[in-house]
Amino acid sequence: MSFNFKLNNKIGRARTGVITTPHGEIKTPAFIPVGTKATVKSALPESITELGAQAVLSNAYHLYLQPGPETIDAAGGLSKFMNWNGPTFTDSGGFQVMSLGAGFKKVIDMQGDSPNADDLITDRKERLAEVDEEGVTFKSHLDGSIHRFTPEISMQVQHQIGADIIFAFDELTTLYHDKKYQEESLERTRRWALRCLDEHEKLTQERHHRPYQALFGVLQGAHYEDLRKRAAKDLGNMESSGRSFDGFGIGGAIEKARLGEIVSWVVDELPEEKPRHLLGIGEPADLFAGVENGADTFDCVAPTREARTSAVYSRTGRFNVSGGSYRKDFSPIDNECSCYTCQNYSRAYINHLFRAKEILGPTLATIHNVYFIVELVANMRNAIDAGNFAEYKADFLSRYKNEVN
Ligand SMILES: [Zn+2]
(Lines give C-alpha, C1' and ligand atoms only; values in the text may rest on other atoms or scores of the structure.)
Protein backbone atom coordinates (compact mmCIF):
# COMPACT_ATOMS: atom_id res chain seq x y z
CA MET A 1 0.00 0.00 0.00
CA SER A 2 1.52 3.29 -1.05
CA PHE A 3 -0.93 5.84 0.29
CA ASN A 4 0.03 7.93 3.26
CA PHE A 5 -0.72 11.30 4.85
CA LYS A 6 1.89 13.02 6.98
CA LEU A 7 0.93 16.06 9.06
CA ASN A 8 3.49 18.86 9.31
CA ASN A 9 2.35 22.06 11.04
CA LYS A 10 -0.88 23.27 12.63
CA ILE A 11 -2.33 26.66 13.50
CA GLY A 12 -5.76 26.21 15.11
CA ARG A 13 -7.53 23.84 12.72
CA ALA A 14 -5.42 24.90 9.70
CA ARG A 15 -2.67 22.46 8.87
CA THR A 16 0.01 21.48 6.36
CA GLY A 17 0.99 17.99 5.33
CA VAL A 18 1.94 15.67 2.51
CA ILE A 19 -0.29 13.08 0.81
CA THR A 20 1.74 10.29 -0.81
CA THR A 21 0.15 8.32 -3.67
CA PRO A 22 1.54 5.77 -6.15
CA HIS A 23 1.85 8.57 -8.73
CA GLY A 24 3.55 11.12 -6.47
CA GLU A 25 3.12 13.52 -3.57
CA ILE A 26 0.67 16.33 -2.89
CA LYS A 27 1.79 19.02 -0.45
CA THR A 28 -1.29 20.25 1.40
CA PRO A 29 -3.27 22.44 1.53
CA ALA A 30 -3.54 22.19 -2.27
CA PHE A 31 -5.95 23.19 -5.00
CA ILE A 32 -6.60 20.35 -7.46
CA PRO A 33 -7.65 21.58 -10.95
CA VAL A 34 -10.60 19.78 -12.53
CA GLY A 35 -10.10 17.78 -15.71
CA THR A 36 -13.70 16.61 -16.06
CA LYS A 37 -13.24 14.40 -19.12
CA ALA A 38 -9.57 13.53 -18.52
CA THR A 39 -8.40 16.94 -19.75
CA VAL A 40 -8.11 20.33 -18.09
CA LYS A 41 -10.02 22.06 -20.86
CA SER A 42 -7.91 24.01 -23.36
CA ALA A 43 -4.53 23.41 -21.63
CA LEU A 44 -1.74 20.87 -22.14
CA PRO A 45 -0.99 18.64 -19.14
CA GLU A 46 2.58 19.98 -19.25
CA SER A 47 1.25 23.54 -18.80
CA ILE A 48 -0.82 22.46 -15.80
CA THR A 49 2.25 20.78 -14.27
CA GLU A 50 4.47 23.79 -14.95
CA LEU A 51 2.07 26.22 -13.30
CA GLY A 52 2.40 24.24 -10.06
CA ALA A 53 -0.66 21.98 -9.94
CA GLN A 54 0.16 18.75 -8.11
CA ALA A 55 -2.83 16.60 -9.15
CA VAL A 56 -5.99 16.71 -11.28
CA LEU A 57 -9.55 15.54 -10.57
CA SER A 58 -11.73 13.90 -13.22
CA ASN A 59 -15.39 12.91 -13.13
CA ALA A 60 -16.37 9.22 -13.02
CA TYR A 61 -19.81 10.02 -14.47
CA HIS A 62 -18.42 11.72 -17.59
CA LEU A 63 -15.70 9.12 -18.16
CA TYR A 64 -18.22 6.29 -17.64
CA LEU A 65 -20.38 7.70 -20.46
CA GLN A 66 -17.42 8.64 -22.66
CA PRO A 67 -15.02 6.99 -23.55
CA GLY A 68 -16.11 4.26 -21.08
CA PRO A 69 -14.08 2.99 -18.11
CA GLU A 70 -12.90 -0.16 -19.96
CA THR A 71 -11.01 2.04 -22.46
CA ILE A 72 -9.18 3.88 -19.65
CA ASP A 73 -8.47 0.56 -17.92
CA ALA A 74 -7.00 -0.84 -21.15
CA ALA A 75 -4.83 2.30 -21.46
CA GLY A 76 -3.32 1.54 -18.02
CA GLY A 77 -5.36 3.97 -15.97
CA LEU A 78 -6.27 7.66 -15.99
CA SER A 79 -2.79 9.07 -15.46
CA LYS A 80 -1.32 7.15 -18.42
CA PHE A 81 -4.38 7.68 -20.62
CA MET A 82 -4.28 11.50 -20.30
CA ASN A 83 -0.48 11.79 -20.03
CA TRP A 84 -0.71 13.39 -16.56
CA ASN A 85 2.52 12.66 -14.75
CA GLY A 86 1.20 12.92 -11.19
CA PRO A 87 -1.61 11.94 -8.80
CA THR A 88 -5.22 11.86 -9.98
CA PHE A 89 -8.62 11.92 -8.26
CA THR A 90 -12.05 10.85 -9.52
CA ASP A 91 -15.30 11.80 -7.85
CA SER A 92 -17.88 9.03 -7.43
CA GLY A 93 -20.36 10.24 -10.05
CA GLY A 94 -22.93 10.89 -7.33
CA PHE A 95 -22.92 14.64 -7.85
CA GLN A 96 -23.25 14.40 -11.62
CA VAL A 97 -25.90 11.67 -11.84
CA MET A 98 -28.02 13.73 -9.49
CA SER A 99 -27.29 17.14 -11.00
CA LEU A 100 -26.64 16.77 -14.75
CA GLY A 101 -28.63 13.56 -14.91
CA ALA A 102 -31.41 14.87 -12.74
CA GLY A 103 -31.88 18.12 -14.58
CA PHE A 104 -32.15 20.15 -11.40
CA LYS A 105 -28.83 21.84 -11.78
CA LYS A 106 -30.18 25.25 -10.84
CA VAL A 107 -31.45 23.96 -7.51
CA ILE A 108 -28.04 22.76 -6.44
CA ASP A 109 -26.26 25.86 -7.70
CA MET A 110 -24.11 26.83 -4.73
CA GLN A 111 -23.36 30.35 -5.94
CA GLY A 112 -26.03 31.72 -3.62
CA ASP A 113 -28.82 32.23 -6.18
CA SER A 114 -32.20 32.46 -4.53
CA PRO A 115 -34.57 29.62 -5.35
CA ASN A 116 -36.97 30.39 -8.15
CA ALA A 117 -40.33 28.66 -7.92
CA ASP A 118 -40.61 28.29 -11.69
CA ASP A 119 -37.22 26.60 -11.90
CA LEU A 120 -38.17 24.17 -9.14
CA ILE A 121 -41.41 23.18 -10.84
CA THR A 122 -39.83 22.85 -14.28
CA ASP A 123 -36.91 20.94 -12.92
CA ARG A 124 -39.06 18.51 -11.01
CA LYS A 125 -41.04 17.79 -14.16
CA GLU A 126 -37.84 17.17 -16.10
CA ARG A 127 -36.15 15.23 -13.35
CA LEU A 128 -34.12 12.48 -14.96
CA ALA A 129 -32.70 10.66 -11.94
CA GLU A 130 -34.49 8.47 -9.41
CA VAL A 131 -32.93 7.46 -6.11
CA ASP A 132 -33.84 4.16 -4.44
CA GLU A 133 -32.22 2.09 -1.69
CA GLU A 134 -29.97 0.25 -4.10
CA GLY A 135 -28.76 3.19 -6.18
CA VAL A 136 -29.69 5.81 -8.77
CA THR A 137 -31.22 5.39 -12.22
CA PHE A 138 -30.51 8.31 -14.51
CA LYS A 139 -30.62 9.49 -18.10
CA SER A 140 -27.41 10.37 -19.88
CA HIS A 141 -27.15 14.09 -20.58
CA LEU A 142 -25.42 13.13 -23.86
CA ASP A 143 -28.01 10.94 -25.57
CA GLY A 144 -30.85 10.33 -23.11
CA SER A 145 -29.95 6.66 -22.64
CA ILE A 146 -30.85 5.10 -19.28
CA HIS A 147 -28.07 4.10 -16.84
CA ARG A 148 -27.80 2.94 -13.27
CA PHE A 149 -25.18 3.73 -10.65
CA THR A 150 -25.01 1.82 -7.40
CA PRO A 151 -22.23 2.02 -4.80
CA GLU A 152 -20.79 -1.18 -6.31
CA ILE A 153 -20.93 0.12 -9.89
CA SER A 154 -19.33 3.42 -8.85
CA MET A 155 -16.46 1.48 -7.21
CA GLN A 156 -16.06 -0.74 -10.30
CA VAL A 157 -16.03 2.26 -12.62
CA GLN A 158 -13.54 4.13 -10.43
CA HIS A 159 -11.27 1.10 -10.17
CA GLN A 160 -11.26 0.78 -13.96
CA ILE A 161 -10.48 4.48 -14.35
CA GLY A 162 -7.70 3.93 -11.82
CA ALA A 163 -7.24 7.32 -10.11
CA ASP A 164 -5.07 7.42 -6.97
CA ILE A 165 -7.86 8.90 -4.84
CA ILE A 166 -11.48 7.85 -5.38
CA PHE A 167 -14.69 8.75 -3.57
CA ALA A 168 -17.53 6.69 -2.07
CA PHE A 169 -20.88 6.92 -3.84
CA ASP A 170 -23.18 9.27 -1.97
CA GLU A 171 -26.56 10.84 -2.43
CA LEU A 172 -26.44 14.52 -3.17
CA THR A 173 -29.24 16.52 -1.56
CA THR A 174 -30.01 20.17 -2.12
CA LEU A 175 -30.61 23.02 0.31
CA TYR A 176 -34.30 22.81 -0.63
CA HIS A 177 -34.78 19.29 0.68
CA ASP A 178 -36.35 19.39 4.16
CA LYS A 179 -34.58 18.06 7.23
CA LYS A 180 -36.56 14.82 7.29
CA TYR A 181 -35.39 14.03 3.76
CA GLN A 182 -31.80 15.07 4.64
CA GLU A 183 -31.84 12.58 7.54
CA GLU A 184 -33.17 9.72 5.41
CA SER A 185 -30.66 10.53 2.70
CA LEU A 186 -27.77 10.70 5.16
CA GLU A 187 -28.69 7.28 6.51
CA ARG A 188 -28.82 5.92 2.93
CA THR A 189 -25.41 7.47 2.20
CA ARG A 190 -24.10 5.73 5.36
CA ARG A 191 -25.37 2.34 4.13
CA TRP A 192 -23.90 3.06 0.69
CA ALA A 193 -20.54 3.92 2.32
CA LEU A 194 -20.42 0.44 3.91
CA ARG A 195 -21.17 -1.14 0.52
CA CYS A 196 -18.41 0.99 -1.05
CA LEU A 197 -15.87 -0.25 1.51
CA ASP A 198 -16.85 -3.88 0.83
CA GLU A 199 -16.71 -3.54 -2.94
CA HIS A 200 -13.48 -1.50 -2.77
CA GLU A 201 -11.81 -4.23 -0.69
CA LYS A 202 -12.98 -6.91 -3.14
CA LEU A 203 -11.70 -4.96 -6.16
CA THR A 204 -8.41 -4.08 -4.43
CA GLN A 205 -7.79 -7.82 -3.91
CA GLU A 206 -8.85 -8.74 -7.44
CA ARG A 207 -6.77 -6.00 -9.04
CA HIS A 208 -3.67 -6.27 -6.88
CA HIS A 209 -1.47 -5.79 -9.98
CA ARG A 210 -2.78 -2.20 -10.22
CA PRO A 211 -1.46 0.75 -8.16
CA TYR A 212 -3.19 1.17 -4.77
CA GLN A 213 -6.26 3.40 -4.84
CA ALA A 214 -7.26 5.32 -1.71
CA LEU A 215 -10.98 5.55 -0.95
CA PHE A 216 -12.43 8.69 0.65
CA GLY A 217 -15.85 8.62 2.33
CA VAL A 218 -18.17 11.54 1.49
CA LEU A 219 -19.83 13.53 4.26
CA GLN A 220 -23.25 15.04 3.58
CA GLY A 221 -25.71 16.70 5.97
CA ALA A 222 -26.35 20.08 4.30
CA HIS A 223 -26.31 22.95 6.84
CA TYR A 224 -27.43 20.90 9.85
CA GLU A 225 -24.79 20.69 12.57
CA ASP A 226 -26.18 17.46 14.07
CA LEU A 227 -26.33 15.74 10.67
CA ARG A 228 -22.87 16.88 9.58
CA LYS A 229 -21.35 15.74 12.89
CA ARG A 230 -23.20 12.44 12.71
CA ALA A 231 -21.91 11.86 9.17
CA ALA A 232 -18.34 12.63 10.28
CA LYS A 233 -18.58 10.29 13.30
CA ASP A 234 -20.23 7.49 11.29
CA LEU A 235 -17.78 7.54 8.38
CA GLY A 236 -14.78 8.51 10.51
CA ASN A 237 -15.17 5.32 12.59
CA MET A 238 -16.57 3.10 9.84
CA GLU A 239 -14.93 -0.23 9.17
CA SER A 240 -16.07 -3.03 6.90
CA SER A 241 -14.29 -5.97 5.24
CA GLY A 242 -11.28 -4.96 7.34
CA ARG A 243 -11.11 -1.55 5.70
CA SER A 244 -11.70 2.01 6.79
CA PHE A 245 -11.68 5.17 4.67
CA ASP A 246 -8.27 6.58 3.71
CA GLY A 247 -9.62 10.13 3.84
CA PHE A 248 -12.85 12.10 3.61
CA GLY A 249 -14.65 14.32 1.16
CA ILE A 250 -16.87 17.11 2.46
CA GLY A 251 -19.66 17.37 -0.07
CA GLY A 252 -23.15 18.47 -0.79
CA ALA A 253 -25.20 21.55 -0.42
CA ILE A 254 -23.26 24.18 1.50
CA GLU A 255 -24.38 27.74 2.12
CA LYS A 256 -21.32 29.76 1.21
CA ALA A 257 -21.72 32.14 4.13
CA ARG A 258 -21.50 29.19 6.54
CA LEU A 259 -18.79 27.23 4.73
CA GLY A 260 -16.10 27.64 7.39
CA GLU A 261 -18.51 26.76 10.19
CA ILE A 262 -19.72 23.60 8.38
CA VAL A 263 -16.13 22.45 7.71
CA SER A 264 -15.23 23.05 11.38
CA TRP A 265 -18.13 20.81 12.57
CA VAL A 266 -16.96 17.79 10.60
CA VAL A 267 -13.24 18.39 11.09
CA ASP A 268 -13.70 18.29 14.89
CA GLU A 269 -15.21 14.78 14.59
CA LEU A 270 -12.84 13.31 11.97
CA PRO A 271 -9.61 11.42 12.68
CA GLU A 272 -6.74 13.92 12.63
CA GLU A 273 -4.36 11.66 10.69
CA LYS A 274 -6.50 11.38 7.55
CA PRO A 275 -6.79 13.97 4.75
CA ARG A 276 -9.97 15.96 4.06
CA HIS A 277 -11.05 17.11 0.63
CA LEU A 278 -13.58 19.91 0.21
CA LEU A 279 -15.53 19.09 -2.96
CA GLY A 280 -16.40 21.80 -5.45
CA ILE A 281 -14.93 24.82 -3.64
CA GLY A 282 -12.53 27.21 -5.39
CA GLU A 283 -13.31 30.91 -4.84
CA PRO A 284 -10.56 32.72 -2.87
CA ALA A 285 -12.64 33.63 0.20
CA ASP A 286 -14.05 30.08 0.37
CA LEU A 287 -10.56 28.58 0.08
CA PHE A 288 -9.38 30.68 3.03
CA ALA A 289 -12.43 29.54 5.06
CA GLY A 290 -11.78 25.90 4.12
CA VAL A 291 -8.06 25.97 4.91
CA GLU A 292 -8.60 27.89 8.13
CA ASN A 293 -11.05 25.22 9.31
CA GLY A 294 -8.90 22.22 8.48
CA ALA A 295 -9.60 21.14 4.87
CA ASP A 296 -6.49 19.83 3.06
CA THR A 297 -7.41 19.68 -0.64
CA PHE A 298 -9.95 21.41 -2.88
CA ASP A 299 -11.28 21.09 -6.41
CA CYS A 300 -13.56 23.35 -8.41
CA VAL A 301 -14.43 23.98 -12.05
CA ALA A 302 -14.65 27.75 -11.43
CA PRO A 303 -11.09 28.81 -12.44
CA THR A 304 -11.24 26.94 -15.76
CA ARG A 305 -14.92 27.54 -16.51
CA GLU A 306 -14.58 31.26 -15.82
CA ALA A 307 -11.40 31.45 -17.91
CA ARG A 308 -13.31 30.22 -20.95
CA THR A 309 -15.79 33.08 -20.55
CA SER A 310 -12.86 35.56 -20.25
CA ALA A 311 -13.35 36.13 -16.49
CA VAL A 312 -9.86 36.30 -14.95
CA TYR A 313 -8.52 36.70 -11.42
CA SER A 314 -6.28 39.49 -10.17
CA ARG A 315 -5.05 40.61 -6.73
CA THR A 316 -7.93 43.10 -6.61
CA GLY A 317 -10.64 40.72 -7.82
CA ARG A 318 -12.02 39.10 -10.93
CA PHE A 319 -12.62 41.05 -14.12
CA ASN A 320 -13.72 40.35 -17.66
CA VAL A 321 -10.68 40.76 -19.91
CA SER A 322 -12.82 40.88 -23.05
CA GLY A 323 -14.34 44.18 -21.84
CA GLY A 324 -13.93 47.30 -24.01
CA SER A 325 -11.67 49.07 -21.55
CA TYR A 326 -8.90 46.48 -22.07
CA ARG A 327 -8.61 46.83 -25.87
CA LYS A 328 -5.46 48.93 -25.61
CA ASP A 329 -4.30 47.88 -22.16
CA PHE A 330 -0.82 46.44 -22.70
CA SER A 331 -0.28 45.44 -19.07
CA PRO A 332 -0.53 41.78 -18.01
CA ILE A 333 -3.76 40.38 -16.50
CA ASP A 334 -2.14 40.80 -13.08
CA ASN A 335 1.17 42.64 -12.82
CA GLU A 336 2.09 40.70 -9.65
CA CYS A 337 1.50 37.30 -11.31
CA SER A 338 4.41 35.10 -12.42
CA CYS A 339 2.41 32.76 -14.67
CA TYR A 340 3.35 32.05 -18.31
CA THR A 341 0.42 34.16 -19.56
CA CYS A 342 1.26 37.23 -17.47
CA GLN A 343 4.99 36.97 -18.29
CA ASN A 344 4.35 36.99 -22.04
CA TYR A 345 0.95 38.44 -23.00
CA SER A 346 -1.03 41.63 -22.51
CA ARG A 347 -4.66 42.23 -21.61
CA ALA A 348 -5.05 43.84 -25.05
CA TYR A 349 -3.85 40.72 -26.85
CA ILE A 350 -6.05 38.37 -24.77
CA ASN A 351 -8.96 40.79 -25.25
CA HIS A 352 -8.39 40.53 -29.01
CA LEU A 353 -8.22 36.70 -28.87
CA PHE A 354 -11.56 36.47 -27.07
CA ARG A 355 -13.24 38.99 -29.37
CA ALA A 356 -11.91 37.15 -32.44
CA LYS A 357 -13.00 33.83 -30.86
CA GLU A 358 -9.48 32.44 -31.13
CA ILE A 359 -8.84 29.17 -29.22
CA LEU A 360 -5.68 30.62 -27.64
CA GLY A 361 -7.82 33.06 -25.58
CA PRO A 362 -9.32 30.35 -23.30
CA THR A 363 -5.91 28.62 -23.15
CA LEU A 364 -4.05 31.69 -21.87
CA ALA A 365 -6.85 32.65 -19.48
CA THR A 366 -7.00 29.07 -18.13
CA ILE A 367 -3.25 29.00 -17.49
CA HIS A 368 -3.50 32.29 -15.57
CA ASN A 369 -6.61 31.39 -13.54
CA VAL A 370 -5.39 27.94 -12.54
CA TYR A 371 -1.96 29.37 -11.63
CA PHE A 372 -3.61 32.10 -9.58
CA ILE A 373 -5.73 29.69 -7.49
CA VAL A 374 -3.02 27.01 -7.17
CA GLU A 375 -0.54 29.66 -6.05
CA LEU A 376 -3.05 31.20 -3.63
CA VAL A 377 -3.48 27.87 -1.80
CA ALA A 378 0.30 27.23 -1.95
CA ASN A 379 0.78 30.65 -0.31
CA MET A 380 -1.68 29.62 2.42
CA ARG A 381 0.39 26.46 2.94
CA ASN A 382 3.58 28.51 3.25
CA ALA A 383 1.85 30.95 5.59
CA ILE A 384 0.74 28.11 7.92
CA ASP A 385 4.32 26.76 7.95
CA ALA A 386 5.65 30.27 8.64
CA GLY A 387 3.06 30.85 11.38
CA ASN A 388 1.41 33.87 9.71
CA PHE A 389 -1.74 32.47 8.09
CA ALA A 390 -4.08 35.01 9.73
CA GLU A 391 -1.93 37.92 8.47
CA TYR A 392 -1.77 36.50 4.94
CA LYS A 393 -5.55 35.97 4.88
CA ALA A 394 -6.30 39.50 6.12
CA ASP A 395 -3.83 41.03 3.65
CA PHE A 396 -5.15 39.10 0.63
CA LEU A 397 -8.85 39.58 1.37
CA SER A 398 -8.44 43.30 2.12
CA ARG A 399 -7.53 43.80 -1.54
CA TYR A 400 -9.60 41.10 -3.24
CA LYS A 401 -13.18 41.88 -4.27
CA ASN A 402 -15.17 38.78 -5.22
CA GLU A 403 -17.04 40.11 -8.24
CA VAL A 404 -16.60 40.35 -11.99
CA ASN A 405 -16.12 43.91 -13.21
ZN1 LIG B 1 -0.97 35.26 -14.54
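In each ligand, atom 1 is the first atom listed, and ligand 1 is the first ligand listed. Numbering of residues begins at 1 and proceeds along the displayed sequence.
- A salt bridge does not link Arg13 with Glu272: every distance from a Lys NZ or Arg NE/NH1/NH2 to an Asp or Glu carboxylate oxygen is 4.0 Å or more.
- Pairs engaging residues 381-391 under the side-chain hydrogen bond (donor to acceptor under 3.5 Å, both in side chains) rule: Asn9-Asp385, Thr16-Asp385 [sequence neighbours left out].
- For the pair Arg258 and Glu255, the salt-bridge criterion is met [side-chain N within less than 4.0 Å of a carboxylate O].
- Sorted by first and then second residue, the ring-ring contact (aromatic ring centres under 6.0 Å, His included) pairs with a member in residues 261-285 read Phe89-His277, Phe167-His277; sequence neighbours excluded.
- Among residue pairs with one or both ends in residues 185-196, those qualifying as side-chain hydrogen bond (donor to acceptor under 3.5 Å, both in side chains) are Glu133-Arg191, Glu134-Arg195, Glu152-Arg195, Glu171-Ser185, Glu171-Arg188, Tyr181-Arg188, Glu187-Arg190; sequence neighbours excluded.
- The existence of a salt bridge linking Arg315 and Asp395 is excluded, since no basic side-chain nitrogen approaches an acidic carboxylate oxygen closer than 4.0 Å.
- Excluding waters, the set of protein N, O or S atoms lying under 2.8 Å from the Zn ion (ligand 1) comprises Cys337 SG, Cys339 SG, Cys342 SG, His368 ND1.
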